[in-house]
A.B. asks: 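Below you will find the structure I want to go over with you.
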Amino acid sequence: MQDLTIDGERLWSRLMEMAEHGALPGGGCNRQALTDEDLAGRELFMNWCRDIDCEIRIDAIGNIFARRSGSDDNLPPVITGSHLDTQPSGGKFDGIYGVLAGLEVLDTLHEHGVVTRHPLEVVVWTNEEGCRFDTAMMGSAVWSGNMPLEDAYALVDRKGLSVRDELARIGHLGDTVAAAGPVHAALELHIEQGPVLEAAGETIGVVSGVQHMSRHRLLIHGQEAHAGPTPMELRKDPVMALAKILPALYDIAGAHAPDGRITFGYLDAQPGSSNTVPGLLEVTVDIRHPSVGSYRQMVQDCDSAIAAACDAFALEYSFDCFWEAPGVEFDARCVTAVRNARDHHGYTGRDMVSGAGHDACNVAGLAATSMIFIPCEGGLSHNEAENATPEHITAGANVLLGALLELAGVQD
Ligand SMILES: [Zn+2]
């Protein structure tokens with residue numbers, strides 16, 4: 001049983017076939033949640049599942065579950081999956097790989113007549129990307145009780161179309177309740193979306209958890225003034241404070257290297273005129289670290305550095321957290337199952353922490369969970385050029401197969 005391997009060519013050709021739905025000229029995909037393209041992708045997946053006699057159910061938020069019975073079908077399932085939706089100019093692998101590799105595992109078991117003790121379910125989570133409807137990991141959040149169903153239904157896109165109406169329009173407003181039942185274990189296989197594995201020339205990341213992360217809005221109030229007649233020392237210029245804040249905060253990230261992350265993703269000076277001292281500066285600060293202690297220290301140090309810089313110029317400011325996701329420590333048994341499967345195949349790799357959020361973060365609140373990463377080219381994701389090699393695609397799916405068999409058990 002240990003020597004079972006997946007069919008890498010079939011998996012690769014399915015990834016390419018899925019990418020035809022919403023295909024973009026640059027080789028990427030635009031298959032945003034609950035569009036016609038998303039529907040076509042969902043139907044393609046469900047047809048492949050029906051070919052191997054999986055039972056399919058869709059819940060009230062459109063999450064799809066493809067179930068393969070176990071020898072003891074009353075046992076809670078072992079689940080695996082990810083998402084089929086993409087960013088507006090997304091790639092072929094982010095999310096899709098986790099879904100189609102899960103299906104590939106079921107196909108492999110079907111072909112070899114292997115029956116697991118626990119049932120296996122491959123899940124497609126609705127609207128993971130959160131771009132058309134502005135809540136990332138929406139389907140798994142509802143399923144895990146982290147978001148009320150009605151709140152998700154009420155989200156609207158830029159045209160004012162709601163999640164509920166769009167689910168109904170594409171026929172995926174399912175009739176099973178969008179809430180988790182008992183789950184024995186859960187795995188999510190994903191491209192790394194970062195450069196670490198590729199740079200190290202390694203194949204498999206055993207993911208032990210997800211970073212603590214938060215986003216903050218810094219508003220610094222100044223006074224609009226003419227860029228010519230106003231002497232430098234008489235200005236109330238928020239950018240002068242920013243000039244102290246940027247190096248101070250980069251130093252804080254540096255003090256927590258290599259895992260600390262600080263990003264200024266949005267900077268806006270008002271009124272936005274080249275010959276006016278800005279009256280208001282808005283900057284977002286994204287702060288991340290895998291260790292909760294270091295993460296809290298970074299947030300506190302950022303707070304102090306910003307206060308010192310604004311006080312030095314007597315500027316009023318506010319620095320408020322508008323989004324926070326606590327980190328996740330994955331289940332030791334699931335992490336071990338992934339490591340065992342990797343070692344069995346002799347793939348290189350390392351233990352690592354995910355820098356991005358995934359559906360697995362929501363699932364981990366309810367079930368024993370872990371993740372598997374493979375390298376992606378240049379660490380690129382959310383980009384049409386997102387790419388992975390067939391060898392790595394095959395390796396990750398073999399690790400998923402091995403780990404799922406260990407967790408689900410096999411009939412004698
Ligand atoms: Zn993803």
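Values reported hereafter were calculated over all heavy atoms of this structure, with side chains retained and with hydrogens, waters and symmetry mates removed. Both ligands and their constituent atoms are indexed starting at 1 by order of listing.
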A.B. asks: Could you tell me whether Q270 atom CD has more than 12 heavy atoms of other residues or ligands within 6.0 Å of it?
C.D. replies: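 Enclosed: over 12 neighbouring heavy atoms sit under 6.0 Å from CD of Q270.
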A.B. asks: Do N47 and E43 have side-chain N/O donor and acceptor atoms under 3.5 Å apart?
C.D. replies: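 No donor-acceptor contact under 3.5 Å links the two side chains.
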A.B. asks: Tell me which N, O or S atom of D94 sits nearest to the Zn ion (ligand 1).
C.D. replies: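 This residue's closest N, O or S atom turns out to be OD1.
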A.B. asks: Has H358 got an N/O/S atom less than 2.8 Å from the Zn ion (ligand 1)?
C.D. replies: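 It does not; every qualifying atom lies at 2.8 Å or beyond.
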A.B. asks: Check H190 and report its N/O/S atom nearest to the Zn ion (ligand 1), by atom name.
C.D. replies: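 The H190 atom nearest to the Zn ion (ligand 1), restricting to N, O or S, is NE2.
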A.B. asks: Answer yes or no for D359: is there an N/O/S atom below the 2.8 Å cut-off from the Zn ion (ligand 1)?
C.D. replies: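 D359 does not place any N, O or S atom closer than 2.8 Å to the Zn ion (ligand 1).
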A.B. asks: Against the six-membered ring of F322, is R217 placed for a cation-pi contact (under 6.0 Å from the centre, within 45° of the normal)?
C.D. replies: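 Yes, R217 and F322 form such a contact.
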A.B. asks: Take atom CZ in R57; do more than 12 heavy atoms of anything else shown fall under 6.0 Å from it?
C.D. replies: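 Counting neighbours around CZ of R57, more than 12 heavy atoms of other residues, nucleotides or ligands fall under 6.0 Å, so yes.
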